[in-house]
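Here the structure is laid out as structure tokens; the discussion comes afterwards.
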Amino acid sequence: QQQVKQSPQSLIVQKGGISIINCAYENTAFDYFPWYQQFPGKGPALLIAIRPDVSEKKEGRFTISFNKSAKQFSLHIMDSQPGDSATYFCAASSGSYGKLTFGQGTILTVHP
Amino acid sequence: NAGVTQTPKFRVLKTGQSMTLLCAQDMNHEYMYWYRQDPGMGLRLIHYSVGEGTTAKGEVPDGYNVSRLKKQNFLLGLESAAPSQTSVYFCASSYGRGDWNEQFFGPGTRLTVL
């Protein structure tokens, strides 16, 4: 049972374009929604996170949009760069000991 | 600070063999986690610990055991390895308090079971 569904599985974007990755969740008890970035051969690292009391959070070129009623959230990468090429994971937590439920991951490739 | 370190980085086992993966963190974190990463499935929680001497099951605990005898170390054991346990294993730790419970991940261990 996949409680967090992520799409697309892979994404190719030109340099300077906008990358958009979507996630949907089922458990209404989730109250923390982070995005992790993973480069090949490395462990995931926290990129940006949001709580459901706000609809949007922006940090530099990265923005999370959150729709509580639809149980969906998305990551937008503005002015995408080749250095952004990585695998991105959305996740969700209900606050119970910080346990994370991850989406399936999106492999982002940004062409120069 | 080294952050979260994992030993070994790579390992090949034969079916039925046993092994222990070691995770160490130097951030004085209370919480530690073991995940496995498989293509198309994201990361799935195997076991976790919320403090020294405590452990609990995650989403996919079968075939694994863990121990947290010291706060800085979290061990993952495979008693009798199976090909289905071929995966990349990640350890993570977090402070355990505050509004933003960021998890810090190690570099991973790539395990192949033949």
Side-chain angles (χ1 to χ4, degrees), chain A residues 1-11 21-27 30-54 57 59 64 75 86-108, chain B residues 2-7 9-10 21 23-25 27 29-51 54-61 68 74 87-110:
Chain A
Q1 180 182 1
Q2 190 72 36
Q3 292 195 56
V4 179
K5 295 183 178 180
Q6 183 173 346
S7 64
Q9 190 173 0
S10 62
L11 179 63
I21 305 171
N22 301 300
C23 284
Y25 63 96
E26 300 170 4
N27 187 350
F30 287 146
D31 62 358
Y32 173 65
F33 302 89
W35 284 89
Y36 279 80
Q37 180 187 55
Q38 183 182 31
F39 293 105
K42 305 292 186 182
L46 180 66
L47 183 63
I48 187 172
I50 196 169
R51 288 204 180 271
D53 52 345
V54 296
K57 183 174 182 180
E59 290 184 0
I64 299 179
L75 175 70
T87 300
Y88 292 81
F89 293 97
C90 63
S93 171
S94 64
S96 176
Y97 303 119
K99 293 183 294 180
L100 292 173
T101 299
F102 283 87
Q104 297 92 326
T106 297
I107 301 173
L108 171 66
Chain B
V4 179
T5 58
Q6 293 183 231
T7 308
K9 289 184 169 54
F10 304 92
L21 282 67
C23 176
Q25 53 94 5
M27 296 174 283
H29 284 169
E30 288 293 334
Y31 293 3
M32 296 187 75
Y33 312 84
W34 275 108
Y35 294 90
R36 60 177 289 173
Q37 182 177 10
D38 302 291
M41 303 190 72
L43 289 91
R44 292 180 292 167
L45 183 65
I46 305 171
H47 286 281
Y48 64 101
S49 167
V50 298
T54 73
T55 63
K57 294 180 180 180
E59 181 185 353
V60 289
R68 185 134 180 239
F74 195 28
S87 187
V88 181
Y89 291 85
F90 287 99
C91 175
S93 70
S94 69
Y95 186 52
R97 297 184 183 87
D99 291 336
W100 305 100
N101 194 21
E102 177 180 357
Q103 291 189 18
F104 294 83
F105 283 79
T109 294
R110 183 173 295 276

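Below, chains carry the letters A, B, ... as their sequence lines are ordered, and counting in each starts from 1. The shown structure was predicted, so the numbers you read here are calculated from the model rather than taken from an experiment.
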Atom pair CD (A:Q38) and CZ (B:F105), whose distance is rounded to the nearest 0.5 Å: 8.5 Å
Spatial distance of atom OG1 (A:T101) from atom CD (B:E59) [nearest 0.5 Å]: 6.5 Å
Contacting region of A:Q6 [heavy-atom separation from chain B under 4.5 Å]: neither
Value rounded to 0.5 Å, distance of CZ in A:F102 from CD in B:Q37: 9.0 Å
Point-to-point distance, once rounded to the nearest 0.5 Å, from CD of A:Q104 to CG of B:D38: 12.5 Å
Approximate separation, where rounding is to 0.5 Å, of A:L46 CG and B:S94 OG: 11.5 Å
B:R110 atom CZ, neighbour heavy-atom count above 12 within 6.0 Å: no
NZ-OH distance between A:K99 and B:Y33, expressed to the nearest 0.5 angstrom: 9.5 Å
Geometric class of the A:Y97/B:Y31 ring pair [parallel <30°, tilted 30-60°, perpendicular >60°]: perpendicular
Contacting moiety of B:L43, where chain A heavy atoms sit under 4.5 Å: both
Segment of A:P44 engaging chain B (4.5 angstrom heavy-atom cut-off): both
Residue part contacting chain A, namely of B:Y35, when any heavy atom lies under 4.5 Å: side chain
Heavy-atom proximity to chain B below 4.5 Å, by part of A:I107: neither
